[in-house]
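First up is the structure itself, then whatever we jot down about it.
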Amino acid sequence: MSQYPVGYDPQYAFWSYYSPAPEALLAPAKWAGWVMIVLGTLLLLLGTCNGVTSYVVSDETLLKQIQEMPKQETPFTITPDLMRTLNLVMAIVIAVYALVLIVLGVFVRRGTLLPIILSMLVIALPLLLVTGMVLFSAVAGAAALIGMALIACFPAILMIAALVLLIRAAANTSKIAQSVAQMEAMRIAQMQQYYGQTPPQ
C-alpha cells in the first residue's frame, strides 16, 4: 500500500515546491534574459574592437575618417590622437553598458519585476539614441556615420526584441506571483492531508 494518500502526487509536490512558476509564464523573461546576454556580449566585443582598432590603424586612415565626417563649427580641431582618445572613451562606455546588460539579463531570467523594469529603461534610452543616430546619418549623408549606423542596426534589432519580451515578462509577473501562491497553498494542503491521516492498520 502506498504511503501517500489518495490524490497526493509526490512528483507534483516536489515540482511545485522547487519550481518558481510554470515555464509558460517564465518563458518571456527567460528569452529576454538570453537576448540581453547575447546583446551585452556582442556590444562588449564591438566596444573592445573599436578601442583596439583605433590604436592599430595609421594616422592617415584616421585622417580620412575625420575628413568624411560632416563639417561643423567646433572650438577644437579633431586630430588622430583626439580621435583615438574619443574611441577609447566610447569603448569603455560601451563595455560598462554591456556588462550592465549581461548582469541584468541574469536576474531578468528569474522573472522578478524590478530587474525587468530596470532593463526596460536601460534598453529603451540607448535605443532612442541609436535611432536618432541612424536618422541623423541618413540626413547628413556622411559615409563614416552611415557605416556606424549600419553596424548599429543589428544591436538595435536585438534591443527591440528584448524590449518586446521584457514588456511581456512584466505583464506576467503578477501571474507568476499568483501561481507561486497557489502552488504553495496546494503544497501545504497536501502535506496537511498526508500527515493528518491515520496510519493504516
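A single hydrophobic cluster is seen to contain both Leu101 and Ile167, as judged by linkage of ILVMFWY side chains at heavy-atom distances under 4.5 Å, directly or through other members. Ile94 and Leu39 fall within the same hydrophobic cluster, where Ile, Leu, Val, Met, Phe, Trp and Tyr residues are linked whenever their side-chain heavy atoms come under 4.5 Å apart, directly or through other members. Leu42 and Trp34 are members of different hydrophobic clusters when ILVMFWY side chains are connected at heavy-atom separations under 4.5 Å. No single ILVMFWY cluster, assembled from side-chain heavy atoms under 4.5 Å apart, contains both Leu43 and Ile102. The cluster map of Ile, Leu, Val, Met, Phe, Trp and Tyr, joined by side-chain heavy atoms under 4.5 Å apart, puts Leu121 and Leu129 in different clusters.
Heavy atoms of other residues, nucleotides or ligands lying less than 6.0 angstrom from CZ of Arg168 number 12 at most. Within a 6.0 Å sphere centred on CZ of Phe107, other residues, nucleotides and ligands contribute 12 heavy atoms or fewer.
In this structure, the side chains of Pro155 and Leu46 come closer than 4.5 Å at one or more pairs of heavy atoms. Counting heavy atoms from C-beta outward, Met36 and Ser119 have side chains that approach closer than 4.5 Å.
Each of Val164, Ile123, Leu128 was scored for a side chain to side chain contact (heavy atoms under 4.5 Å, CB included) with Met159, with one residue passing: Ile123. Among Asn50, Val52, Leu45, the single residue meeting the side chain to side chain contact (heavy atoms under 4.5 Å, CB included) criterion with Thr48 is Val52.
A distance of 11.0 Å separates CG of Leu104 from CG of Leu99, quoted to the nearest 0.5 Å. Going from atom CG of Leu26 over to atom CZ of Arg109 covers 9.5 Å, rounded to the nearest 0.5 Å. The structure places CD1 of Ile160 at 8.5 Å from CG of Leu163, a figure rounded to the nearest 0.5 Å.
Of all heavy-atom pairs spanning Ala162 and Ala32, the tightest one is O-CB, 4.3 Å. The two residues Pro28 and Ala169 have their closest heavy-atom pair at CB-N, 3.9 Å. For Leu127 against Ala156, the heavy-atom pair with the smallest separation is CD1-O, 3.8 Å. Scanning both residues, Gly47 and Ala91, for their nearest heavy atoms gives O-CB, 3.0 Å.
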_Under the criterion side chain to side chain contact (heavy atoms under 4.5 Å, CB included), I'd like the reasoning laid out for Ile116 against Thr173: C-alpha separation, chi angles, the key distance, then a yes or no._
CA-CA 9 Å; Ile116 292 174; Thr173 52; 3.9 Å; yes
*Begin from the C-alpha positions of Ile117 and Met120 and carry the test side chain to side chain contact (heavy atoms under 4.5 Å, CB included) through to its verdict.*
CA-CA 5 Å; Ile117 297 299; Met120 292 171 66; 4.3 Å; yes
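At least one donor-acceptor pair under 3.5 Å links the side chain of Tyr97 to the backbone N or O of Val122.
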